[in-house]
Each structure stands twice: as structure tokens, then as C-alpha cells.
There are 2 protein chains.
Amino acid sequence: MKKIDILKKLRSSGLRPTKQRVEIAKFLFEREKTFHFTVESLNKLLTKKSASKIALATIYNTVHSFKTAGHLSEVEVRGNKTYFDTNVSNHHHFYDSETAELIDIDANDIIIQKIPKAPNGKKIKNVEVFINLKN
Amino acid sequence: MKKIDILKKLRSSGLRPTKQRVEIAKFLFEREKTFHFTVESLNKLLTKKSASKIALATIYNTVHSFKTAGHLSEVEVRGNKTYFDTNVSNHHHFYDSETAELIDIDANDIIIQKIPKAPNGKKIKNVEVFINLKN
DNA sequence: TTTCACTTTAGAATAATTATAAACTAGAAT
DNA sequence: ATTCTAGTTTATAATTATTCTAAAGTGAAA
Ligand SMILES: [Mn+2]
Ligand SMILES: [Mn+2]
Ligand SMILES: [Zn+2]
Ligand SMILES: [Zn+2]
């Protein structure tokens, strides 16, 4: 994903491409593989990588804006902090509790044969599978 | 589960059956169906039900002791608070985000046909399925 | 250029949880 | 039964993640 695409991505979702947003978006979206992170880890990585310091509140704001815009998803992981995911497609995860790391599993790599029907009056929105790992 | 069993349950896991622990254990374990709760919700319910007030710190302590003893499991649910579960067997959940409610799914009610192999050097500890509901 | 709604930021506020340390108690030892 | 003590409870402080506030800054429309 090139810089011009980043600008498009931001503008098309009604987000003004400010210096901070562009920097964070480039960091998050200009990569081949999916990236899973917490606000804390992102903050550290940005601080290390970049010259200009972005306020923590801005990182929170930006991550939430990106999530609302559909550019990030939130992953439920054991622990206190919120995890985000640059992979917004329907997919599953390995979770390695030793390293607190998430690894993507393509939706097609898990086939569920039998599934219960939703409770009365409810419908199934989506199915998430977590495969917890050990050594 | 009768009171005598509660006492056994506590003692057999090295927990002295104090007034507070017995009261919480009775509330949690003397029921037919699985119970899912947060410390906050448990605190409210206990306050309503009981005469004697149990300190919030004690509820945290007790819930963690029960979890460590294997009498409660922790469930990962979207949101800030930690959810606990009186069902400690291997099972799955419906999650209704409207009501923030969990509903058990028996392990046998979900059959997974295809599953990816664990990453190098890792093994699969367990598989958890979440079925998110909508109206 | 001027303007202004949107954005960033430092710092305060909030919410969940954990830590501290003093008072209390279950139950073993006497 | 009384004493003793390690384990427990409790009020309160501390910590951590996150959100709020409101003042200063800025992208981009006009
Ligand atoms: Mn979590
Ligand atoms: Mn959670
Ligand atoms: Zn992912
Ligand atoms: Zn359950």
C-alpha cells in the first residue's frame, strides 16, 4: 500500500489525513502481513521508529477512528489490554499465551461441521474460533 | 450441591471455609445451570441477596482463589470487565452483545471438521468457539 | 489569506483490578 | 477450653488501561 493509497483510505472514510494519522496509517497498513497490536505496543513501536512524538491520546483516538472506519478490528484476547488487528476480514486466531501473540488463521482453514442453532429470536452474526497454543 | 459438599470443595482445594467463601461458593455453585458473571455483577447480586456485606476485595480474592483451584474459569468477552464461568469443562459460548450475556454450548454441539496444524514447536492446548449473536 | 470545524495534546478523570497492612478468625496445638 | 498462628478479610491506597476535557493547533474549503 503506497502513500497515495493511505491518503485515499483516510479521506474516503472521512478522516482528514493529518501528519499523525498518516504516520500511524503507514505504520499499520503498509505491510504485507497482518499486524496485531495493543495501544501500548503500538505506542512503543512508533516512538522507536519515528522522530516526532505522537501523544498517547492521539494514538487512542486514531486507533478508534480506524476501527470505526472499518480499517481495524478488535480481537478479544485474554488479559487486560485491548488488541487490534489490521486484518478486518472474517478470520480466526491462534493465541500463544506464552508470548501473548496472535496468529491469523484464514477463514477457509477452519471448517465447522456441526453448529447449534441460535437461541430463540436471535441470529448468528459470526463465528470466531480461538486455538490456544502451548509449547 | 449441598452445604457439606461446598465445605468439602473448599477444604479439598486448600481453602479454609470462611463465612465469606462459603457464602460466595453457595451462591455460585448451588445451582442447576451454569452461571456467568463479572466481579461487579456478583457483588451486586450478593449485596442484594445477603444480609452481611462482603468487601469487594474479598470477592476479588475469592473469585481468584476459586479460579486457581479450578472451580471457576475465565471467559474472554468483548469489553473491559473480566467474565467468570462456573462451567469449568471444555465448552463453547454464544455471546449476545446486546445483553452482554453468555450462553453455554456443549463441547459436543460443535464439531470442527478441518483445523490448521499448530505453528512450529507449538501444540494445540484447546479450541474455543464464540458464536456472536444479533437480533 | 482567512476561517472554522476537526484534530492534537497534556493533563485530569474514571473504571477495573491489585497491593498494602492492620484487624480478624479457623482450627491446630496445648 | 484457651492459646496461638497462619491464613483471611477489609478499608483504603496504588496501579493500569482507557476516556474525558478544554485549550492550542491545523487541513482544506471558500
Ligand atoms: Mn481481553
Ligand atoms: Mn475482555
Ligand atoms: Zn487477526
Ligand atoms: Zn460457559
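Chain letters run A, B, ... following the sequence lines, proteins first and then strands; every chain starts at 1. Being a predicted model, the structure only gives us computed values, none of them experimental.
Rounded to a whole Å, the NZ atom of Lys53(B) is 11 Å from the C1' atom of dA11(D). As a whole-Å value, the separation of Gln20(B) CD from dT10(D) C1' is 9 Å. Distance CD1 (Ile59(B)) to C1' (dT9(D)): 12 Å, rounded to an integer number of Å. One interatomic measurement links the two molecules: CZ of Phe37(A) to P of dA17(D), which rounds to 16 Å at whole-angstrom precision.
Considering NE2 of His64(B) and CZ of Phe84(B), their distance stands at 4.5 Å, rounded to 0.5 Å. We find the OG1-CG distance between Thr58(B) and Leu46(B) to be 11.0 Å, quoted to the nearest 0.5 Å.
Judged purely by atom type and a 3.5 angstrom limit, Ser97(A) has no side-chain atom pairing as donor or acceptor with the backbone of Ala100(A). A donor-acceptor pair is defined here as one N or O able to donate and one able to accept, closer than 3.5 Å; such a pair exists between the side chain of Arg78(A) and the backbone of Glu74(B). Under the 3.5 Å distance criterion, the side-chain polar atoms of Ser50(A) are matched with a main-chain donor or acceptor of Ser52(A).
Mapping heavy-atom proximity under 4.0 Å, the span of DNA chain C touched by chain B runs 5' to 3' from dA16(C) to dG27(C).
Under 4.0 angstrom from either OP1 or OP2 of dT18(D) there lies no side-chain N or O belonging to His64(A).
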Stepwise, does the side chain to side chain donor-acceptor pair (under 3.5 Å) test hold for His36(A) with Asp104(A)? CA-CA 9 Å; His36(A) 301 98; Asp104(A) 275 358; 2.9 Å; yes
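Scored by the side-chain contact (heavy atoms from CB on, under 4.5 Å) test, Ser73(A) finds Asp85(A), Val88(A) as partners (sequence neighbours excluded).
The environment of Lys49(A) atom NZ is sparse: at most 12 non-hydrogen atoms of other residues, nucleotides or ligands sit within 6.0 angstrom. No more than 12 heavy atoms of other residues, nucleotides or ligands lie within 6.0 Å of NZ in Lys48(B), so this atom counts as exposed by the packing criterion.
Annotation: cation-pi geometry satisfied between Arg31(A) and Phe35(A) (NZ/CZ under 6.0 angstrom from ring centroid, within 45° of ring axis).
Of all the residues in residues 66-84 of chain A, not one reaches under 4.0 Å from DNA chain C with any non-hydrogen atom. Interface residues of residues 38-45 of chain B facing DNA chain C, ordered by number: none; criterion, heavy-atom separation under 4.0 Å.
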Do any side-chain atoms of residues 117-127 of chain A form donor-acceptor pairs under 3.5 angstrom with protein atoms, and if so which ones, sequence neighbours left out?
from: Lys122(A); atom 1: NZ; to: Asp96(B); atom 2: OD2; distance (Å): 2.7
from: Lys122(A); atom 1: NZ; to: Asn135(B); atom 2: OD1; distance (Å): 2.8

Across nucleotides 25-30 of chain D, 5' to 3', mark each nucleotide with B, S or - according to how protein heavy atoms within less than 4.0 Å reach it. -BBS--
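When each of Thr62(B), Val63(B), Thr68(B) is paired with Phe66(B), the side-chain contact (heavy atoms from CB on, under 4.5 Å) condition holds for Thr62(B) and for no other.
Contact check on Glu40(A) versus Lys44(A) returns a salt bridge, with a Lys/Arg side-chain nitrogen under 4.0 Å from an Asp/Glu carboxylate oxygen.
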